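Predicted model only: the values in this text are computed from it and were never measured. We count ligands from 1, going down the list as the structure has it; atoms in each ligand are counted the same way.
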Amino acid sequence: MIEDAALRIEGGAVVWLGREQDLQPGPDAPELDAQGAVAVPGFVDPHTHLVWAGVRREEFVARLAGEQYDGGGITTTVAATRAATAEELFVLAAARGRRMIANGTTTVEIKTGYGLTPTDELKCLDVIGRLAKDLPWLVEATYLGAHVVPPGRDRAEYVEEVIATIPAAAAAGATWADVFCDEGVFTIDETRRILQAAQDAGLGTRLHAEEIAHTGAADLAAEMGCASADHLEHVTAEGAHAMAAAGVVGVLLPTVTLSLRTFAFGQYQVLREAGVPLALSTDCNPGTSWCESMPYVVQLACLVYGMPVHEALWSATRGAAMALQLRDVGRLSPKARGDVALLNAEHEADVVARLGAPGCLATIVRGQVWQNPAAPSVSA
Ligand code: NIG
Ligand code: FE
């Protein structure tokens, strides 16, 4: 933490930061007075399912009444997403994206996974490509054809179709592949085959792991050298050590655990004790985490895991950049992208202590102050 700090951005990149009293005169540039607000690197959100249509209200209300989540609701979103045009999906996702940027997010990973036919998955990748072009943030696109086996499809045939679609997904802009490897979804063996095919096609790999039950997916992420394993509510110490040894980043999604009401927050200590580098993310999706705010995730992580505030901010920026293998975001050192979130706080602890307040005052993207054209908005 630098007190009374100043930061200079030129050409979209950080060129200097330090104490304001040490700031040398430089080229003429607009000046922004943060008025004592905490400035952190623009948030990096390394796990989202932003492209969807439809709503899942009944499922959410049923969970409040005690129903358990088994991933079955995904097919509701798949039906609505298949029925939507690329233009409709873009309008919905762009509104969410603008609100995410207003909450301080400047880099985002976006998965497909609600199309689940080659045509619909590629349609979603086109939407992700447009989100990357039309909004002022950095986007990493992930192919998640292996989200669930769509109803009415033969499992083995569907796994073959996912594998066969990988080259087209890569051509449509995906640089990552992901699999929902869990009880009742894709098995360890199916997942291994899909990840191997993705790696053979030059894609990086990541995994939905150990969310519903302990399956050994964390060990598989380590075996396959995945960049990250995400969720991990049911990871064991053995899986955590395998991840640490292989350098797999653990992506924690506390809003999901909250939304699912399982209150299984113990994985943080298990992963931390094993020395796994940790990232935080919203997992923004219509079923298990309708959350567009990284400051809220940071707050929740501190309150439910007992994560120290500085560690949570690190996980939401640098740790999340590591999960995406990006070097020039999630930090504010010289040469990093000039992406900054000005938080609604005069001290980092206030981010967590102040409940229910907007987390972010302003977002700076490559040196430009982001004006949110979508605000105020109530669209889903
Ligand atoms: O990350 N776990 C699988 N996928 C999403 C949820 C998808 C959904 O329920 O629509 C997740 O939680
Ligand atoms: Fe997810």
Side-chain angles (χ1 to χ4, degrees), residues 45-63 67-82 84 89 92-93 96 100 108-116 120-121 124 128 140-151 162 176-186 191 194 205-215 217-218 221 226-235 249-262 264 267 279-292 297 300 320 323-324 380:
D45 192 345
H47 179 144
T48 82
H49 306 249
L50 211 56
V51 182
W52 83 78
V55 290
R56 303 256 289 275
R57 289 180 193 122
E58 289 80 6
E59 181 189 332
F60 189 81
V61 171
R63 263 207 313 277
E67 289 269 311
Q68 273 195 358
Y69 177 78
D70 61 2
I74 293 172
T75 57
T76 309
T77 304
V78 169
T81 304
R82 285 180 182 169
L89 289 170
L92 288 167
R96 295 171 196 131
M100 291 170 96
V108 67
E109 183 261 15
I110 307 177
K111 305 174 195 297
T112 67
Y114 293 124
L116 308 189
D120 289 297
E121 285 292 297
C124 293
I128 297 173
E140 297 277 309
T142 299
Y143 171 57
L144 178 60
H147 201 179
V148 287
V149 178
V162 167
W176 297 97
D178 188 349
V179 178
F180 188 3
C181 178
D182 218 318
E183 190 175 274
V185 201
F186 291 92
T191 304
I194 296 166
T205 50
R206 40 202 332 105
L207 220 49
H208 279 71
E210 324 270 17
E211 177 188 5
I212 295 172
H214 172 57
T215 60
C226 291
S228 74
D230 307 23
H231 287 283
L232 300 167
E233 281 84 345
H234 301 282
V235 72
V249 177
V251 179
L252 300 183
L253 310 160
T255 52
V256 175
T257 318
L258 184 70
S259 224
L260 296 185
R261 306 190 67 242
T262 59
Q267 86 275 44
L280 288 168
S281 176
T282 62
D283 195 10
C284 185
N285 78 73
T288 65
S289 176
W290 188 8
C291 176
E292 297 160 352
V297 171
L300 198 57
L324 295 175

At a cut-off of 2.8 Å, protein N/O/S around the Fe ion (ligand 2) gives His47 NE2, His49 NE2, His208 NE2, Asp283 OD1
Discussion item. When you compare the side chain of Leu253 with that of Glu211, does any pair of heavy atoms fall below 4.5 Å?
Written reply: no
Quiz item: Distance only, no hydrogens: is a donor on one side chain within 3.5 Å (strictly under) of an acceptor on the other, for Thr76 and Glu59?
Solution: no
Kindly indicate whether a cation-pi arrangement holds for Arg56 with Trp290, taking the cut-offs as under 6.0 Å to the six-membered ring centre and within 45° of the axis.
no
Verify, without hydrogens or angle tests, whether Arg63 (side chain) and Ser259 (backbone) share a donor-acceptor contact under 3.5 angstrom. yes
**Message:** Could you tell me if His208 and His47 have a donor-acceptor pair between their side chains, going purely by distance under 3.5 Å?
**Reply:** yes
inquiry  = Looking at Asp182 and Thr215, would you say the former's side chain and the latter's main chain have a donor-acceptor pair under 3.5 Å?
reply    = no
With sequence neighbours left out, the residues meeting salt bridge (charged side-chain N to carboxylate O under 4.0 Å, His left out) with Glu210 are none
Contact set, ligand 1, heavy-atom distance under 4.0 Å, ordered by chain/number, equals His47, His49, Arg56, Tyr69, Ile74, Tyr114, His147, Phe180, His208, Glu211, His231, Asp283, Asn285, Gly287, Thr288
Check your understanding: Side chain of Thr81, backbone of Gly115: donor and acceptor closer than 3.5 Å?
Key -> no
By salt bridge (charged side-chain N to carboxylate O under 4.0 Å, His left out), Asp45 pairs with (sequence neighbours left out) none
